[in-house]
Amino acid sequence: MKLICIGRNYTEHIKELENEKPTDPVVFLKPDTAILLKKQPFFIPEFSNDVHHEVEILVKINRVGKYIDKKFAHKYYNEIGLGIDFTARDLQAKLKQKGLPWEKAKAFDGAAVIGDWLPKTDIEDINNINFSLQKNETLVQQGNTNLMLWKIDELIEYVSKYFTLKIGDIIFTGTPAGVGKVSPNDKLKGYIEDKELFSITVK
């Protein structure tokens with residue numbers, strides 16, 4: 001399985017990092033070794049002093065597909081989740097400055113939190129999902145999928161042009177504004193609406 005991640009999919013997040021608004025989705029991959037194991041803490045890697053949390057809505061692919069038309073994309077997933085794309089922001093800035101790939105800053109061990117999954121049938125409108133992240137019981141990020149530049153079905157159509165989607169693949173759909181540094185002993189909790197989907201400790 002692979003983790004397909006979308007960058008710069010929320011306008012306010014693009015502004016906060018002073019990035020250019022893309023004309024197409026920004027896509028990068030994480031290996032399965034990036035997945036933080038259940039009930040394990042997140043360890044800040046020794047190569048970074050500025051790891052940021054980025055909470056994101058996740059989509060789990062449930063059938064094989066290639067060149068999927070947007071109008072059929074809804075058939076390729078039946079679960080929605082929540083996770084974190086941890087980013088070594090200091091390392092990423094150096095890589096971007098040199099025009100190099102981001103993987104060392106985005107795809108390191110433990111950099112992908114995958115919370116619990118919700119049946120798609122439990123969600124009234126896929127394009128109107130409220131989600132949020134709390135750090136030490138304080139709200140730090142909140143978003144709604146109606147603010148995505150590219151909605152979930154559009155992302156599936158776009159990504160499947162380049163990669164065959166396989167059962168179990170997970171799409172990280174982008175983060176809203178409010179990303180920030182994590183520190184040892186921080187407690188991070190993620191919510192879709194008022195339902196907690198993950199809780200992790202930072203070490």
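Values reported hereafter were calculated over all heavy atoms of this structure, with side chains retained and with hydrogens, waters and symmetry mates removed.
- By the criterion of side-chain heavy atoms lying less than 4.5 angstrom apart, applied directly or through intervening Ile, Leu, Val, Met, Phe, Trp or Tyr residues, Leu29 is grouped together with Val113 in one hydrophobic cluster.
- Side chains of Asn146 and Asn127: a donor-acceptor N/O pair is absent below 3.5 angstrom, by distance only.
- Below 30°, between 30° and 60°, or above 60°: for Tyr10 and Phe131 the angle between ring planes is above 60°, a perpendicular geometry.
- Hydrophobic clustering (side-chain heavy atoms under 4.5 Å, transitive across Ile, Leu, Val, Met, Phe, Trp, Tyr) keeps Ile84 apart from Phe28.
- Taking CD1 of Ile35 as the reference point, atom CD1 of Ile170 lies at 5.5 Å (rounded to 0.5 Å).
- To the nearest 0.5 Å, atoms CG (Asn128) and CG (Asn144) are separated by 4.5 Å.
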Side chain to side chain contact (heavy atoms under 4.5 Å, CB included), that's the test. Do Thr145 and Ile126 meet it? Break it down for me.
CA-CA 7 Å; Thr145 53; Ile126 294 297; 5.7 Å; no

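- In this structure, Lys189 pairs ionically with Glu137, as a charged nitrogen and a carboxylate oxygen lie closer than 4.0 Å.
- Among the candidates Gln92, His53, Lys106, His52, the single residue satisfying the side-chain hydrogen bond (donor to acceptor under 3.5 Å, both in side chains) test with Thr87 is Lys106.
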Would Lys30 and Asp85 count as a side chain to side chain contact (heavy atoms under 4.5 Å, CB included) if you check the C-alpha gap in whole Å, the side-chain angles of each, and the deciding distance to 0.1 Å?
CA-CA 10 Å; Lys30 295 192 185 214; Asp85 164 23; 2.6 Å; yes

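- The side-chain heavy atoms of Phe108 and Leu91, taken from C-beta on, include no pair separated by under 4.5 Å.
- Linking Ile, Leu, Val, Met, Phe, Trp and Tyr residues whenever their side-chain heavy atoms come within less than 4.5 Å leaves Leu165 and Met1 in two separate clusters.
- Under a hydrophobic clustering in which Ile, Leu, Val, Met, Phe, Trp and Tyr are joined whenever their side-chain heavy atoms come within less than 4.5 Å, directly or via other members, Trp117 and Ile171 fall into different clusters.
- The closest side-chain heavy-atom distance from Glu54 to Arg89 is below 4.5 Å.
- Side-chain contact annotation: Asp169 with Tyr77, donor-acceptor N/O pair under 3.5 Å absent.
- Atom NZ of residue Lys70 and atom CG of residue Asp153 lie 8.0 Å apart, to the nearest 0.5 angstrom.
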